[in-house]
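For reference, the structure is listed below as structure tokens.
Model, not experiment: these values are computed from the prediction.
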Amino acid sequence: MSLAEAAPTAARRRGQETTATPRFRQTLRRQILLAVMAIDACCCLASAVVVILNAREATRVEVGASLEMAEPLVRETIASFQRSSPDDISGLQFDLPGVRHVRISVHRPDGSLVSSREPMRPSAFSPAPPWFAHLIESPLDRQEIPVVADGELRGMVAIQGEPADEIAEVWEDMTSLAALLAAFNILGLAAFALLLRRILSPLGALGQGLAALERGGSDQPLPIPHVQELAVLVERFNALAVALGEERDRNARLSHRMVFLQDDERRQIAAELHDELGPCLFGLQANLGLLKSGLSESGGLAAPAQERLATAIDISNRLQSLNRHLLRRLKPIALGEAPLGEVLSGLVAEFERRHPDHQFALLTAELRTGYGPVMDLTVYRAVQEGITNALKHAVCTTIEVRVEEQVVNGRAELAIQVIDDGVGVPAETTSGFGLLGLAERIQALRGRFRLRSVPAGAALEIFIPLSGAEETLR
């Protein structure tokens, strides 16, 4: 995590924790396609229901018409058969050319079947599935006509509708229509998906633009789409990007100026301590030394007075040490007077002297003599804070410092790395005031700042663009 953005990142994380985020997210294009497909499926289903109802009614009417046509012919045939006074009903035959959808069966008085006239079946249609036939067929009346000869019941003739061939014809028509509609639906949905992708493509560019704004902004405005609603969004986005860019540049200039003013104030305070307080402390120490030597020559003082004099000399020495420490903290003496690499070498040597149980290494590759007061002091503070942070928290034995120029994406920048062989960065880590202050300084120089774990320990990495350093004093 970039400690330069520790507070905004933490706030953003808290916002993400309190905001309900869908577990599975779908694109707008997919949602629209699914909605259109659902509507299309409902329309197809409704059309199928209407077709089935119409086919059911048409089949009922067709079969009913066939029954009405067959009944008088059957009665006429029975009447002719009765006039011949037959002894056996098996001679009763029905020849009804052109009559479809009707089954005629002849039964003896005991109900046994004598003969059956099956309906005409066109060979062009295959039988429909049972489930479809069940949807189409409707209850039909069954008519029974008695056959009487010489006053004796010879048998019964049953006339019953048979819609199988009509249902087969409807099934054939519906399967052909369904195949045609499926082909048209697939082609239509594919064309709609391509068209929708083209229409919604500005939303993808808008999302990329928002991501670029989050990373720091982009100078390229988005093209205005032809869709009116999307054009309004893109126009507002471009205006927002321009406003944010101007505000970001203004904040950067203010940050640059603030860092420069802070460093200038530190230099002035350091000059006051060096030029005013330093001579005063030196004079105090000299007078106390002369007083001590003079009193020793004249016979000395009482023991309590000698203790007070020794305490005053000790306090003056401590003030002198404190003054030198403040001078080093406010402005390293050699910074700006010697090459930056030598100043960093002296800083690392001082840490080696104070921490002999640690090993230190400094690698500086082709550094310039200096990069300006603000930049040089930032590099010095970064190395100083990185080593201090590693000594306090890393539980390490070796600390390596690397400072070098590099080129990334055609832009020159100064890379500062402080790497230790300690325990790494804990998952839940907070930055202290030193790192936060350094982070603000790096941000003011438009740099990048991160503290991360590496296979051998932890690494503090800082990257400062050299173009930002050149603009700091403007």
Side-chain angles (χ1 to χ4, degrees), residues 44-183:
C44 291
L45 181 61
S47 300
V49 171
V50 172
V51 170
I52 289 175
L53 292 177
N54 290 338
R56 183 184 179 93
E57 180 64 19
T59 301
R60 187 187 66 80
V61 172
E62 180 73 17
V63 173
S66 296
L67 287 175
E68 292 179 359
M69 182 187 300
E71 182 182 359
L73 297 176
V74 170
R75 290 185 180 276
E76 182 179 348
T77 302
I78 292 174
S80 300
F81 181 78
Q82 289 174 344
R83 286 193 295 269
S84 64
S85 300
D87 295 332
D88 190 4
I89 199 173
S90 59
L92 182 59
Q93 299 292 330
F94 295 95
D95 185 14
L96 305 178
V99 178
R100 299 170 58 190
H101 316 310
V102 174
R103 175 184 285 110
I104 303 174
S105 57
V106 180
H107 301 268
R108 291 187 175 90
D110 59 0
S112 60
L113 179 65
V114 176
S115 63
S116 177
R117 186 263 186 191
E118 297 296 325
M120 299 174 57
R121 292 183 180 274
S123 59
F125 303 117
S126 58
W131 63 267
F132 184 78
H134 181 70
L135 291 176
I136 297 298
E137 64 184 2
S138 58
L140 297 174
D141 294 335
R142 174 186 172 95
Q143 298 184 14
E144 293 185 350
I145 303 174
V147 180
V148 179
D150 299 330
E152 183 181 354
L153 180 64
R154 303 289 182 170
M156 299 291 294
V157 177
I159 306 175
Q160 184 178 3
E162 181 57 44
D165 54 343
E166 187 69 20
I167 294 175
E169 183 178 353
V170 173
W171 170 253
E172 191 74 19
D173 292 340
M174 284 197 65
T175 52
S176 301
L177 181 61
L180 185 62
L181 288 178

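With sequence neighbours excluded, no residue forms a side chain to side chain contact (heavy atoms under 4.5 Å, CB included) with Ala178. Ala55 pairs by the side chain to side chain contact (heavy atoms under 4.5 Å, CB included) definition with Ile136, Val170, not counting sequence neighbours.
We find the CZ-OG distance between Arg75 and Ser80 to be 13.5 Å, quoted to the nearest 0.5 Å. With rounding to the nearest 0.5 Å, the separation of OG in Ser47 from CG in Asn54 is 11.0 Å. To the nearest 0.5 Å, atoms CE (Met156) and CD (Gln143) are separated by 11.0 Å. For the atom pair OG1 (Thr59) and CG (Leu135), the distance works out to 11.5 Å, reported to the nearest 0.5 Å. Atoms CD and CD1, from Glu62 and Ile167 in turn, are 12.0 Å apart once rounded to the nearest 0.5 Å.
Each of Val74, Thr77, Ile104 was evaluated against Ile145; a single residue qualifies, Val74, per the side-chain contact (heavy atoms from CB on, under 4.5 Å) test.
For Leu113 against Ser105, the heavy-atom pair with the smallest separation is CD1-CB, 3.8 Å. Nearest approach of Gly161 to Leu67, heavy atoms of both residues: N-CD2, 3.7 Å. Residues His134 and Arg56 come closest through the heavy atom pair O-NH1, 4.3 Å. The shortest heavy-atom contact between Leu153 and Pro146 is CD1-CB, 3.9 Å.
Not one N or O on the side chain of Arg108 forms a donor-acceptor pair closer than 3.5 Å with the backbone of Val114.
A ring-ring contact (aromatic ring centres under 6.0 Å, His included) check over residues 152-175, counting only residues at least two apart or in different chains, returns the pairs Trp131-Trp171, Phe132-Trp171.
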